[in-house]
**Q** 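Input: one structure, supplied below.
For the numbers below, each heavy atom of this structure counts, side chains included, while hydrogens, waters and symmetry mates do not.
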Amino acid sequence: MKEYKVVNWKMGMSKNNERLEDALNEHARNGWRIVHIAENSARLVFERDKNR
């Protein structure tokens, strides 16, 4: 079974790419895998196995 997490990304004025990369890496360390990035709404959808 899978579980999902939706994160609203807050774009900043500086270092936006670095902050996004850090956030993605942090979620990956916790077992999350990105499955969708909605550009217009700045929404990230993550997935991982629930029984990990």
**Q** Between R48 (side chain only) and H27 (backbone N and O only), is there a donor and an acceptor less than 3.5 Å apart?
**A**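 Checked: no pair found.
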
**Q** According to a hydrophobic-cluster definition based on side-chain heavy atoms being under 4.5 Å apart (Ile, Leu, Val, Met, Phe, Trp, Tyr only), do I34 and V7 belong together?
**A**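 Cluster IDs for I34 and V7 match.
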
**Q** Does L20 have any side-chain contact (heavy atoms from CB on, under 4.5 Å) partners at least two apart in sequence or in another chain, and if so, which?
**A**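 Result, side-chain contact (heavy atoms from CB on, under 4.5 Å) vs L20: W9, L24, L44.
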
**Q** Taking side-chain hydrogen bond (donor to acceptor under 3.5 Å, both in side chains) as the test, write out the residues that go with E21, two or more places apart.
**A**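 Listed in chain order: nothing, the list is empty.
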
**Q** Are V35 and V6 linked, directly or through intermediate hydrophobic residues, by side-chain heavy-atom contacts shorter than 4.5 Å (ILVMFWY only)?
**A**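 V6 and V35: one cluster.
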
**Q** Rounded to the nearest 0.5 Å, what separates atom CZ in F46 from atom CD in E3?
**A**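 With rounding to 0.5 Å, CZ (F46) is 13.0 Å from CD (E3).
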
**Q** For K50, what residues pass the side-chain hydrogen bond (donor to acceptor under 3.5 Å, both in side chains) criterion, not counting sequence neighbours?
**A**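 Applying side-chain hydrogen bond (donor to acceptor under 3.5 Å, both in side chains) to K50 gives none.
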
**Q** Would you check if V45 and K5 make a side-chain contact, meaning some heavy-atom pair closer than 4.5 Å?
**A**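 Not in contact.
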
**Q** Just to verify, what does A38 make a side-chain contact (heavy atoms from CB on, under 4.5 Å) with, not counting sequence neighbours?
**A**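 Testing A38 for side-chain contact (heavy atoms from CB on, under 4.5 Å), a comparison that skips the adjacent residues, returns H36, S41, R43.
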
**Q** Check side-chain hydrogen bond (donor to acceptor under 3.5 Å, both in side chains) between N25 and all other residues, then give those that pass, not counting sequence neighbours.
**A**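 With neighbours one apart ignored, the set is empty.
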
**Q** What residues, two or more places apart in sequence or in another chain, satisfy salt bridge (Lys or Arg N to Asp or Glu O under 4.0 Å) together with E26?
**A**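 E26: salt bridge (Lys or Arg N to Asp or Glu O under 4.0 Å) contacts with R29.
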
